[in-house]
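These notes concern the structure reproduced below.
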2 protein chains.
Amino acid sequence: MSTIRDVARLAGVSISTVSLTLNTPERVATETRRKVAEAAEAVGYSADPIAQSLKRGRSRLIGMVVSDITNPFFGRFLQEIERHAMAADHLVIVSDTSSQIRNEIAILRHLAAQRVSGILLQPTGPMTGPSDHIRQLSMPFVLFDHRLDGVESDFVGADNALASSMLTEHLIRLGHRRIAFLGGTSGLYTAEERKRGFLATMAASGVPADPAIVVDARYDGRHGYEQTMRLMTGPDRPTALIAASNVIALGALQACNELGIACPAEVSLAGIDDVPWAAVVQPRITTAVQPIEDLARTASELLMRRITAPPGTVIDRSEIILAPEIRLGGSTARPA
Amino acid sequence: MSTIRDVARLAGVSISTVSLTLNTPERVATETRRKVAEAAEAVGYSADPIAQSLKRGRSRLIGMVVSDITNPFFGRFLQEIERHAMAADHLVIVSDTSSQIRNEIAILRHLAAQRVSGILLQPTGPMTGPSDHIRQLSMPFVLFDHRLDGVESDFVGADNALASSMLTEHLIRLGHRRIAFLGGTSGLYTAEERKRGFLATMAASGVPADPAIVVDARYDGRHGYEQTMRLMTGPDRPTALIAASNVIALGALQACNELGIACPAEVSLAGIDDVPWAAVVQPRITTAVQPIEDLARTASELLMRRITAPPGTVIDRSEIILAPEIRLGGSTARPA
DNA sequence: TACGCGTGTCGAACCGGTTCGATAAGCGGC
DNA sequence: GCCGCTTATCGAACCGGTTCGACACGCGTA
């Protein structure tokens with residue numbers, strides 16, 4: 001690889017002039033500019049990003065930290081982020097916390113050491129959990145999906161309450177009154193919001209929500225399965241189920257299949273988040289889907305805005321909540 | 001952040017001694033070692049990875065390049081890689097080529113500029129496609145999943161031919177003779193291998209393979225769907241289908257559902273690669289699954305072996321082919 | 001003619017480490 | 001008492017850029 005010194009020698013100028021030409025061409029005479037450009041071209045020069053990082057105190061890397069990369073939601077999200085980052089000449093370092101706060105802390109420390117120019121973080125843990133390690137970050141960051149109390153920052157997420165409201169309203173309109181809610185891990189922002197939307201809509205519609213059938217399925221297929229088993233074999237079983245996530249919904253569907261309870265004839269099922277391979281899961285599940293591309297694009301833009309802002313600029317914090325979209329499937333119908 | 005100079009000052013030694021202590025403690029007197037350790041601890045010192053990268057010409061980053069991150073196979077794979085990398089104190093830069101060779105070239109160039117210590121690459125394009133940009137890589141790399149002619153390197157992959165052989169044999173043993181093969185993108189290593197396994201097993205079993213029902217479904221759900229539509233509505237329709245990938249299988253299943261052709265009563269279906277949410281796809285599809293964790297672990301180990309080897313060491317190239325595992329589902333049965 | 005100013009270029013310091021060659025101290029052998 | 005060897009430490013060069021202050025030059029003005 002050629003260095004800036006090679007270019008300087010060939011162009012017959014000093015290395016500072018070369019650097020100047022590359023970074024602030026308007027400060028360099030036209031003729032010099034041409035010579036440097038030719039020399040750089042001739043030796044195939046491109047600046048070493050590591051040396052730049054060292055001097056500038058910032059690299060052209062972006063960190064993305066999520067709780068579980070295998071979740072298809074994050075896969076899609078990552079793909080979009082990577083695309084945007086690439087367009088802005090940045091690479092993406094991705095890391096999985098497995099929902100462990102101590103992993104999150106360690107990863108953020110690593111990213112800080114690498115002087116990443118920005119971080120996209122889906123924080124783990126309860127809303128009121130520890131957040132010092134996030135608040136003290138020295139580079140721009142954007143939280144997404146999951147909100148955290150006590151952290152002043154840009155945030156991008158879907159309207160979780162609205163998502164369950166839409167599903168709840170849809171079921172009520174179909175005539176359901178005994179609706180069970182298979183919630184996400186309690187304490188988590190998204191889980192609480194989704195539950196809140198459900199309860200609020202039930203209340204607003206004058207339909208009583210029985211606390212005995214508003215359960216915690218921990219964003220987990222197995223729990224979704226087990227809770228559904230319990231609900232559907234217990235007394236006074238619900239005529240409809242709302243699952244707080246795609247994996248919970250699939251667990252629920254599996255339980256119904258095994259119990260021989262037909263969906264939607266005997267029970268309606270709706271869930272939040274797109275179900276991968278939705279087309280082949282029979283019946284097709286009614287879902288409220290998050291607009292992944294929009295979320296990712298917005299998060300990228302918010303982050304890039306801060307990264308590219310001249311130092312010292314004050315940028316107001318943005319909270320962007322995007323509306324989900326309801327996608328009706330064959331899994332919801334009028335109660336028997 | 002504190003620098004090595006702070007530590008040196010506090011410990012009352014030179015910066016070279018501090019560096020020596022941290023990198024080759026055995027060359028430093030015990031007493032000095034203690035003083036340095038204490039000083040480092042006191043100021044909370046940890047070496048700047050960027051400065052180290054600049055001087056050493058190598059960073060503690062690993063690149064992982066795949067054709068499509070949203071594919072659940074790669075999601076799982078990435079998660080494992082990231083875990084292993086983290087354990088070895090490395091971060092993972094992930095990049096998606098969208099199966100475009102020009103993206104692959106650009107990404108590899110970026111990774112090289114970042115002086116990543118190693119690269120895990122699922123190369124894109126046909127086996128005989130361009131590979132100069134890979135061969136010229138200046139750092140250790142391991143190819144996985146997809147092989148490339150003309151590149152001497154470590155390789156880790158599943159036994160693709162064996163995977164389709166196992167499925168083919170299973171179907172033949174059940175009594176099928178007219179078996180269709182929904183192949184992957186022709187020209188791609190995995191696709192050719194999978195087809196080869198199918199044809200070889202058919203031939204070895206004395207069952208004629210009708211070329212008219214050995215088709216190309218391009219590793220794509222829509223093509224799987226369309227080809228199945230064509231096959232199942234045409235004359236002399238097959239009694240069994242083998243899909244070269246999970247998405248093809250799902251497309252095929254959807255087509256059968258829509259045509260009202262019952263599986264497995266009227267047609268058997270088997271596929272390669274795990275089907276996500278397998279538990280809720282009815283019927284459960286018989287698959288030959290790749291051992292993802294083993295593949296990822298092996299790839300990590302091969303790469304780390306090269307990364308940590310003292311420079312100049314010659315390491316024989318390894319090609320590791322792991323056997324898939326067959327998982328029987330309800331989608332395959334005796335022909336009517 | 002002298003002065004001040006704007007423009008273009010340059011040398012040198014610096015970012016934070018690693019590493020090589022030099023040097024000094026300690027020690028045993030003759 | 002001196003030589004030579006080992007061991008511990010250090011100074012300085014270097015990795016490849018960026019940036020600040022200095023400086024030379026040409027020009028218009030007083």
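Each chain gets a letter, A, B and so on, in the order the sequences are listed, and its residues count up from 1.
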| said: Take a 6.0 Å sphere around CD of B:Glu41 and say whether it holds more than 12 heavy atoms from other residues, nucleotides or ligands. | reply: no

| request: Could you check how far CZ of A:Arg56 sits from C1' of C:dG16, rounded to whole Å? | output: 17 Å

| Partner of B:Phe144 by ring-ring contact (aromatic ring centres under 6.0 Å, His included), out of B:Tyr189, B:Phe155, B:Phe77 | B:Phe77

| Whole Å only: how far is the CD atom of B:Glu26 from the P atom of D:dT6? | 18 Å

| Side-chain-base donor-acceptor pair under 3.5 Å for B:Thr3 and C:dG16 | no

| note | Closest to the side chain of B:Ala29, out of D:dT19, C:dG17, D:dT9, is D:dT9

| note | Among D:dG17, C:dG8, C:dT18, the one nearest any side-chain atom of A:Thr32 is C:dG8

| request: Could you tell me whether the phosphate oxygens of C:dC10, OP1 or OP2, come under 4.0 Å of any side-chain nitrogen or oxygen in A:Thr17? | output: yes

| What is the distance, rounded to the nearest whole Å, between atom CZ of B:Arg9 and atom C1' of C:dG16? | 13 Å

| said: Please tell me if A:Tyr45 has a side-chain N or O lying less than 4.0 Å from either OP1 or OP2 of D:dG16. | reply: no

| From C:dT9, C:dT18, D:dT9, pick the nucleotide closest to the side chain of B:Ser19? | C:dT18

| message | I need the CZ-P distance between A:Arg60 and D:dT18, as an integer number of Å. | response | 11 Å

| task | Give me the one residue out of B:Arg306, B:Arg58, B:His90, B:Arg60 that meets side-chain hydrogen bond (donor to acceptor under 3.5 Å, both in side chains) with B:Ser117. | result | B:His90

| field | Whole-Å distance separating the CZ atom of A:Arg27 from the P atom of D:dT19 | value | 10 Å

| field | side-chain N/O A:Asn23 vs D:dT18 OP1/OP2, d < 4.0 Å | value | yes

| request: Please tell me which of the listed nucleotides, C:dG11, D:dC15, D:dG16, lies nearest to the side chain of A:Ser16? | output: C:dG11

| Taking for each residue the nucleotide of DNA chain D bearing the nearest heavy atom, is the 5' side occupied by A:Arg5 or by B:Val28? | B:Val28

| field | Spacing between B:Ile15 atom CD1 and D:dC14 atom P, to the nearest angstrom | value | 15 Å

| task | Could you state the atom-to-atom distance from CZ of A:Arg115 to C1' of D:dT18 in whole Å? | result | 16 Å

| task | Respond yes when some side-chain nitrogen or oxygen of A:Gln52 is under 4.0 Å from OP1 or OP2 of D:dT18, and no when none is. | result | yes

| Basic-acidic side-chain contact under 4.0 Å: A:Arg305, A:Glu301 | no

| message | Looking at B:Arg147 and B:Glu319, is any side-chain nitrogen of the basic one under 4.0 Å from a carboxylate oxygen of the acidic one? | response | yes

| task | Check the distance between D:dT19's P and A:Leu20's CG and give it to me in whole angstrom. | result | 9 Å

| B:Leu54 side-chain proximity, nearest of D:dT19, C:dT19, C:dG16 | C:dG16

